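All residue numbers refer to positions in the sequence shown, counting from 1. On a predicted model such as this, the values are computed, not experimentally measured, just so you know.
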Amino acid sequence: MRDNFKSGFVTLIGRPNVGKSTLMNRLIGQKIAITSNKPQTTRNRIQTVLTTEEGQIVFVDTPGIHKAKNKLGEYMVNIAERSLNEVDVVLWLVEPSTFIGAGEKHIIEQLKKVKTPVILVINKVDMVKKEEVLTFIDAYRKECDFAEIVPVSARRGDNTDELVNVIMKYLPYGPQFYDEDTITDQPERQIVSEIIREKALHSLNEEIPHGIAVAIDQMKMNHKVCHIDATIICERDSHKGIIIGKQGSMLKKIGSTARFEIERLLDCKVNLKLWVKVQKNWRDSDYMMKNFGYREDEM
């Protein structure tokens, strides 16, 4: 191992829907975290790995920091806040605005307690005029002592290379944690269930935003085809009807868009079968939470 190799852990925080998963996917160059225009999409801490000549960055994507409404909400907030002190660099993603609301103030209070260097990343700068960006930087600079402030567009990839350089600056010298070709430590089942959930979120109406989970019942290879049986769990009987759709049309749509992406991920043919099941109030049940992969040691 070269003496000048850097390596460390970086966490992405921010209010729901600021583009954390989109940024991580952009930096890694491959789709790992699910992206959706519905907030609070990411539930588990997803570790992705970026290896360059200079070093290795292990990204830990946390659920968005927000006020918790139920056990799932508390779990997501606890993970997000705890991870701030366990990493080498914190990236705080915000939208381009001079308005710093209650949600941002809540995060600023958390960041002031942290000894880790915090890099403020102003995302979505492609949506505003160039000259406005300086006023956004100025507004945030007055609120907190950031190590660096970097404007980017995760969607277009603007300035993301510069962001990687800035992160490397704050990482310690150290060993390579993962092989060059490793991009995530998420088990395949987990990623497959997240892809199905993403496709459901994209396809469904607003009335079923977070009350769905996906359980992978079976995943096995047979004659170069991966056979996957999965169940979409929802909280109400009325939701079940919406997910299935008229003559199964919605479920078919979710299945075919998910299958296309899973085939790209696994690099093989996929036979995907989906079912829908109602589990009332699963987000407030410790047992159900565990069942869907939210482990107690992460709460």
Side-chain touch [X]/[Y], heavy atoms, less than 4.5 angstrom:
X      : Y      : result
Met219 : Cys226 : yes
Val225 : Met221 : no
Thr116 : Leu111 : no
Glu132 : Thr98  : no
Leu93  : Ile13  : no
Ile228 : Asn271 : no
Val214 : Thr231 : no
Leu50  : Phe59  : yes

Is there a donor-acceptor contact under 3.5 Å from the side chain of Glu263 to the main chain of Val270?
yes

Determine whether a donor-acceptor pair (N or O, by modelled atom type, separation under 3.5 Å) exists between the side chain of Thr257 and the backbone of Lys253.
yes

Rounded to the nearest 0.5 Å, how far does [atom2] of [Y] lie from [atom1] of [X]?
X      : Y      : atom1 : atom2 : answer
Lys124 : Asp158 : NZ    : CG    : 14.5 Å
Asn123 : Arg26  : CG    : CZ    : 10.5 Å
Leu251 : Ile243 : CG    : CD1   : 8.5 Å
Ile195 : Leu272 : CD1   : CG    : 10.5 Å
Ile262 : Lys199 : CD1   : NZ    : 9.5 Å
Ile212 : Lys277 : CD1   : NZ    : 15.5 Å

Does a donor on one side chain and an acceptor on the other come within less than 3.5 Å for Asn222 and His227?
no

Evaluation steps, side chain to side chain contact (heavy atoms under 4.5 Å, CB included), between Met168 and Ile57:
CA-CA 8 Å; Met168 284 290 184; Ile57 305 169; 3.8 Å; yes

Evaluate Glu53 against Phe5 for side chain to side chain contact (heavy atoms under 4.5 Å, CB included), listing each step before the verdict.
CA-CA 8 Å; Glu53 280 292 301; Phe5 194 83; over 6 Å; no

Dump the intermediate steps for side chain to side chain contact (heavy atoms under 4.5 Å, CB included) on Val128 and Phe136, then the final yes or no.
CA-CA 11 Å; Val128 294; Phe136 308 143; 3.8 Å; yes

Which of parallel (below 30°), tilted (30 to 60°) and perpendicular (above 60°) describes Tyr140 and Trp92?
perpendicular

Minimum heavy-atom separation for [X] to [Y], with atom names?
X      : Y      : result
Gly14  : Lys20  : O-NZ, 3.4 Å
Ala230 : Asp217 : C-OD2, 3.6 Å
Pro151 : Val133 : CB-CG1, 3.8 Å
Leu163 : Val121 : CD1-CG2, 3.8 Å
Ala139 : Ile100 : O-CD1, 3.7 Å
Cys234 : Val276 : SG-CG1, 4.1 Å

Please determine if Glu194 and Arg197 form a salt bridge, counting it only when a charged side-chain N lies under 4.0 Å from a carboxylate O.
yes

Is it true that Glu54 and Lys6 make a salt bridge, defined as a side-chain N closer than 4.0 Å to a carboxylate O?
no

Would you mind telling me which of Asp88, Val90, Ile119, Val10 makes a side chain to side chain contact (heavy atoms under 4.5 Å, CB included) with Tyr170?
Ile119

If hydrophobic clusters are built by linking Ile, Leu, Val, Met, Phe, Trp and Tyr wherever their side-chain heavy atoms come under 4.5 Å apart, do Val87 and Val114 end up in the same one?
yes

With a cut-off of 6.0 Å (strictly less than), are more than 12 heavy atoms of other residues, nucleotides or ligands near CG of Asp145?
no

Please say whether more than 12 non-hydrogen atoms of neighbouring residues, nucleotides or ligands are located less than 6.0 Å from CD in Gln247.
no

Tell me, with the steps shown, if Asp138 and Lys142 meet side chain to side chain contact (heavy atoms under 4.5 Å, CB included).
CA-CA 7 Å; Asp138 212 43; Lys142 291 176 180 139; 3.3 Å; yes

